[in-house]
Number of protein chains: 2
Amino acid sequence: MRDVFTALSSPARRQILELLRERALSAGEIAERIPLAKPTLSGHFNVLKEAGLVSADRQGNSIVYRINTSVVEDALAALLRLTRREEVE
Amino acid sequence: MRDVFTALSSPARRQILELLRERALSAGEIAERIPLAKPTLSGHFNVLKEAGLVSADRQGNSIVYRINTSVVEDALAALLRLTRREEVE
DNA sequence: ACAATATTTCGCTAATTCGCAAAATAACGA
DNA sequence: TCGTTATTTTGCGAATTAGCGAAATATTGT
């Protein structure tokens, strides 16, 4: 399971997540919206999958990706901790 | 100004931020707590500074680093957006 | 001016990442 | 089975990164 923050460190991958925020999209639909070669995008999908940030389901010919918001929320919680000074020690 | 998520993608840098969460620390104090060579840590400090995640002040001989929570909060807000489906468009 | 302490910059190597084109795989419909 | 469409895997080069030791820089105290 790859590190979530590593997956989030690429602008291209964050852009993919932004697109998936609204609705699930196939690899091809994402490729129509992001100016990168399909193999390049496929690599990014893999990183996002390994981090648990998206899940993929085949639907006929296409593979549909959807965002996994609960994993985003975990990252959120980790960041939130940094904004709060330790209260009990 | 370097990308905040890129800066957060390194476990070593997140560990530095965790230490700074409680209180500001000098480079040497951080080096006592993290098993990496000082030049390596110095490089990480630089990345964190370029991302605006920490600020540095010389105090006599030492350089004291403190976390910049407002920039962490900006990253937080960017992540939070990903957890909410677009409502108005 | 000198020695001691704290930190950074330099120069290097090994490993990783990002992009692509070409080839391989998977599912569908005729 | 064959052809088409959708996506991934492979293999590559260029660029970046993370680590280190040695040397350089900055500050303090004598």
Side-chain angles (χ1 to χ4, degrees), chain A residues 1-20 22-68 71 75 78, chain B residues 1-20 22-68 71 75 78:
Chain A
M1 177 70 71
R2 167 171 322 221
D3 185 86
V4 173
F5 286 103
T6 301
L8 288 171
S9 69
S10 148
R13 289 193 288 269
R14 292 202 299 275
Q15 200 178 346
I16 293 169
L17 292 174
E18 285 281 353
L19 290 175
L20 294 180
E22 186 155 6
R23 68 176 179 83
L25 293 168
S26 71
E29 288 172 321
I30 294 171
E32 284 170 6
R33 294 161 168 79
I34 298 184
L36 289 174
K38 283 174 183 180
T40 303
L41 287 171
S42 184
H44 286 310
F45 298 154
N46 248 320
V47 173
L48 290 169
K49 262 194 296 186
E50 285 169 20
L53 282 164
V54 304
S55 55
D57 293 292
R58 182 172 282 275
Q59 274 179 25
N61 241 356
S62 343
I63 296 184
V64 173
Y65 288 95
R66 77 188 64 248
I67 194 171
N68 189 346
V71 175
Chain B
M1 178 69 70
R2 163 166 330 215
D3 184 87
V4 172
F5 286 102
T6 301
L8 288 171
S9 71
S10 149
R13 289 192 290 269
R14 291 201 300 275
Q15 200 179 345
I16 292 169
L17 292 174
E18 286 281 353
L19 291 175
L20 295 179
E22 187 157 4
R23 67 177 180 84
L25 294 170
S26 71
E29 288 173 321
I30 294 171
E32 284 171 6
R33 294 159 167 80
I34 298 185
L36 289 174
K38 284 174 182 179
T40 304
L41 286 171
S42 184
H44 286 310
F45 299 153
N46 250 320
V47 173
L48 290 169
K49 261 194 297 185
E50 285 169 19
L53 281 164
V54 305
S55 55
D57 293 293
R58 181 172 283 275
Q59 273 179 25
N61 243 354
S62 343
I63 296 183
V64 173
Y65 289 95
R66 75 188 66 249
I67 194 171
N68 189 347
V71 175

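Here is how names work: the chains are called A, B, and so on, in the same order as the sequence lines, proteins then strands, and each is numbered from 1. Quick caveat, the model's predicted, so the values are computed rather than measured.
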N or O in side chain of A/Y65 less than 4.0 angstrom from D/dT8 OP1/OP2: yes
Whole-Å gap separating C1' (C/dT25) and CD1 (A/I63): 10 Å
Considering all heavy atoms, the nearest B/F5-A/S9 contact: O-CB, 3.7 Å
Distance-minimising heavy-atom pair for A/V4 and A/A75: CG1-CB, 3.9 Å
Within residues 4-13 of chain A: residues closer than 4.0 Å to DNA chain C (heavy atoms): A/S10, A/R13
The helix from C/dA1-D/dT30 to C/dA30-D/dT1: angle between end helix axes, five pairs per end, rounded to 10 degrees: 20°
Distances under 3.5 Å between protein N/O atoms and the N/O atoms of nucleotides 11-15 of chain D, please, pair by pair.
none

By side-chain contact (heavy atoms from CB on, under 4.5 Å) - contacts of A/E29 (at least two apart): A/R23, A/L25, A/S26, A/R33
A/V47 side chain reached by A/T6 side chain, heavy atoms, under 4.5 Å: no
Of residues 32-42 of chain B, the positions that come close to DNA chain D - non-hydrogen atoms, cut-off under 4.0 Å: B/L36, B/A37, B/P39, B/T40
Separation of A/I67 CD1 from A/E22 CD (nearest 0.5 Å): 12.0 Å
Sequence neighbours excluded - salt bridge (Lys or Arg N to Asp or Glu O under 4.0 Å) pairs with any residue from residues 35-53 of chain A: A/R2-A/E50
Residues forming a side-chain contact (heavy atoms from CB on, under 4.5 Å) with A/T40, sequence neighbours excluded: A/L36, A/A37, A/H44
Distance-only check: which donor-acceptor pairs under 3.5 Å involve side-chain atoms of residues 52-66 of chain B, not counting sequence neighbours?
from  : atom 1 : to    : atom 2 : distance (Å)
B/R58 : NH1    : B/G60 : O      : 3.3
B/R58 : NH1    : B/N61 : O      : 3.2

Between the protein and nucleotides 27-30 of chain C, which nitrogen or oxygen pairs come in under 3.5 angstrom?
from   : atom 1 : to    : atom 2 : distance (Å)
C/dA27 : N3     : A/N61 : OD1    : 3.2

Phosphate OP1/OP2 of D/dT7 contacted by A/S26 side-chain N/O (<4.0 Å): yes
Atom pair CG/CG of B/L20 and B/N68 - distance to nearest 0.5 Å: 11.0 Å
B/I34 side chain near B/L19 side chain, heavy-atom distance below 4.5 Å: yes
Spacing between A/I16 atom CD1 and C/dC18 atom C1', to the nearest angstrom: 13 Å
Residues within residues 43-57 of chain A bordering DNA chain D, heavy-atom distance below 4.0 Å: A/F45, A/N46
Residue list, salt bridge (Lys or Arg N to Asp or Glu O under 4.0 Å) with A/R14, at least two apart or on another chain: B/D3
Using the 3.5 Å cut-off, write out each protein N or O paired with an N or O of nucleotides 12-14 of chain C and the distance between them.
none

